[in-house]
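Presented below is the structure to which this report refers.
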Amino acid sequence: MSTGSLPIERRGYAHPEALVSTEWVAAHMTDADIRLVESNEDVLLYDMGHIPGAVRLDWHVDLQDEYMRDYLNAEAFARLMSEKGITPDTTVIFYGDKNNWWATYALWVFRLFGHERVRVMDGGRKKWVDENRGMTDEVPSYPATEYRMPVRDDSAIRAFREDVLAHVKRKGQMIDVRSPEEFSGEKLHMPDYPQEGAMRGGHIPGARNVPWARAVNPDTGEFRPAEELRALYEEGAGLRPGEDTIAYCRIGERSSHTWFALRYLLGYENVRNYDGSWTEWGNAVRLPIER
């Protein structure tokens with residue numbers, strides 16, 4: 001059965017409220033307390049057409065520090081939210097291309113700053129377009145808000161290199177969500193992309209490999225039901241829900257998608273995203289790898 005025939009609330013998720021359907025978005029897109037956010041790999045897509053009322057977030061320009069490989073600080077985040085017309089009480093609905101991989105990445109960054117009202121539009125941009133729903137090239141403008149400066153807390157959902165090294169030493173469970181070719185060391189990036197970004201190929205010792213896109217129905221881009229996700233991650237990869245879990249990929253975007261699936265759809269309480277991922281680990285001196 002495809003997920004397209006099964007409503008979100010019947011898929012057995014731990015937190016079904018973390019997803020909304022395209023139908024729900026079509027019915028609520030003009031609600032005052034809703035803000036649609038499009039975040040894509042292809043930055044030109046938004047200009048070609050987007051859901052009416054949606055604002056754009058460029059993962060590189062908007063969410064990254066200009067001089068350090070890190071995210072924007074609390075002051076810059078508050079300013080960005082104000083510019084997009086978002087308040088701490090706004091429910092932000094993320095969607096984008098490529099099965100929502102950059103949408104879940106943006107959501108993960110919002111959670112670093114404690115923004116709690118976050119959802120993903122299941123199926124993303126592809127499903128909205130496939131259903132011939134309305135698109136526009138008009139860029140919306142919203143009144144600036146007073147978004148109080150948050151406290152960014154990386155500890156709960158973000159892992160750093162030293163955290164991962166300690167995790168390896170205690171044989172903690174880790175999920176590598178890259179392609180099998182990257183996991184084996186054959187490639188340094190996904191197939192059909194430039195093979196760059198790391199000096200060495202392979203994977204972090206002890207990691208299990210479940211490519212990120214297996215969590216979705218390839219025909220619709222919607223997340224698979226919980227039963228299928230558990231078969232994928234628990235029966236297939238041996239993950240145990242109650243244990244501390246770290247997910248990683250190459251730069252953290254694909255692993256944010258898996259982080260979302262584990263945290264919200266399967267209810268894993270202790271899962272972190274290692275956004276340094278293989279570009280850091282594969283280039284670092286004296287860090288172990290496996291092939």
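For this chain, numbers begin at 1 and follow the sequence in order.
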Side-chain contact test, heavy atoms from C-beta onward, threshold under 4.5 Å: evaluate it for M135 versus V129 and give yes or no. yes
Please check: side-chain N/O of D130 versus main-chain N/O of K127, any donor-acceptor pairing under 3.5 Å? no
Look at the side chain of Y95 and the backbone N and O of G123, then say whether any donor-acceptor pair between them is shorter than 3.5 Å. no
Give a yes or no on this: more than 12 heavy atoms of other residues, nucleotides or ligands lie within 6.0 Å of atom CZ of R170. yes
Is it true that the NZ or CZ of R119 lies under 6.0 Å from the centre of F94's six-membered ring and within 45 degrees of the ring axis? no
Any side-chain heavy atom of N283 within less than 4.5 Å of one from E280? no
Any side-chain heavy atom of Y268 within less than 4.5 Å of one from W259? no
Measure the CZ-CG distance between R111 and N273 for me, rounded to the nearest 0.5 Å. 14.0 Å
So, the side chain of W128 versus the backbone of G134: is there a donor-acceptor pair under 3.5 Å, distance only? yes
CE (M29) and CD1 (I51) are apart, to the nearest 0.5 Å, by 6.5 Å
Gap between atom CG of N73 and atom CG of D65 - 0.5 Å precision: 7.0 Å
Worked verdict on D176 versus Y248 for side chain to side chain donor-acceptor pair (under 3.5 Å): CA-CA 5 Å; D176 181 320; Y248 75 92; 2.5 Å; yes
Partner of R35 under side chain to side chain contact (heavy atoms under 4.5 Å, CB included), picked from T91, T90, T145, is T90
Looking at K187, R254, R250, which hits salt bridge (Lys or Arg N to Asp or Glu O under 4.0 Å) with E182? R254
Could you check S255 against T258 for side chain to side chain donor-acceptor pair (under 3.5 Å), going step by step and ending with a plain yes or no? CA-CA 5 Å; S255 49; T258 299; over 6 Å; no
Whether R208 side chain and I175 backbone form a donor-acceptor pair below 3.5 Å: no
Hey, is the main chain of E222 close enough, under 3.5 Å, to the side chain of D122 for a donor-acceptor pair? no
Using modelled atom types and a 3.5 Å cut-off, is there a donor and acceptor pairing between side-chain atoms of D31 and backbone atoms of D33? no
Assess the residue pair R158 and D163 against the criterion (salt bridge (charged side-chain N to carboxylate O under 4.0 Å, His left out)); give the C-alpha distance rounded to whole Å, side-chain angles, the decisive distance to 0.1 Å, and a yes or no. CA-CA 9 Å; R158 187 182 186 191; D163 300 323; over 6 Å; no
Student check: side-chain heavy atoms of Y147 and L80 closer than 4.5 Å: no
Y105 backbone acceptor or donor facing S256 side chain under 3.5 Å: yes
Hey, mind stepping through H257 and W212 against ring pair (Phe, Tyr, Trp, His ring centres under 6.0 Å) and telling me if it holds? CA-CA 7 Å; H257 190 275; W212 70 283; 4.9 Å; yes
Straight-line distance of R214 CZ to Y233 OH, nearest 0.5 Å: 9.5 Å
Given the ring of W278, does R178 sit roughly above its face, with NZ or CZ under 6.0 Å from the centre of the six-membered ring and within 45° of the axis? yes
Side-chain touch V92/R117, heavy atoms, less than 4.5 angstrom: no
Report yes if some heavy atom in the side chain of R69 is under 4.5 Å from a heavy atom in the side chain of T279; otherwise report no. yes
Report the distance from atom CZ of R125 to atom OG of S39, rounding to the nearest 0.5 Å. 12.0 Å
Taking F183's backbone N and O only, do any of them form a donor-acceptor pair with H203's side chain (distance below 3.5 Å, no angle check)? yes
Does L266 offer a backbone N or O that forms a donor-acceptor pair with the side chain of R230 under 3.5 Å? no
For Y71 and D275, test the side chains for any donor-to-acceptor distance below 3.5 angstrom and give the result as yes or no. yes
Side chains of H50 and E38: is there a donor and an acceptor less than 3.5 Å apart? no
Is it true that the side chains of R272 and S155 contain a donor and an acceptor less than 3.5 Å apart? no
Under a 3.5 Å distance rule, please check whether T245 uses its side chain to pair with a backbone N or O of V271 as donor and acceptor. no
Got R133 and E23 here, is their nearest side-chain heavy-atom distance under 4.5 Å? yes
Answer whether the closest heavy-atom distance between the side chains of Y46 and L57 falls below 4.5 Å. no
Mind checking whether W281 and Y274 have parallel, tilted or perpendicular rings, split at 30° and 60°? perpendicular
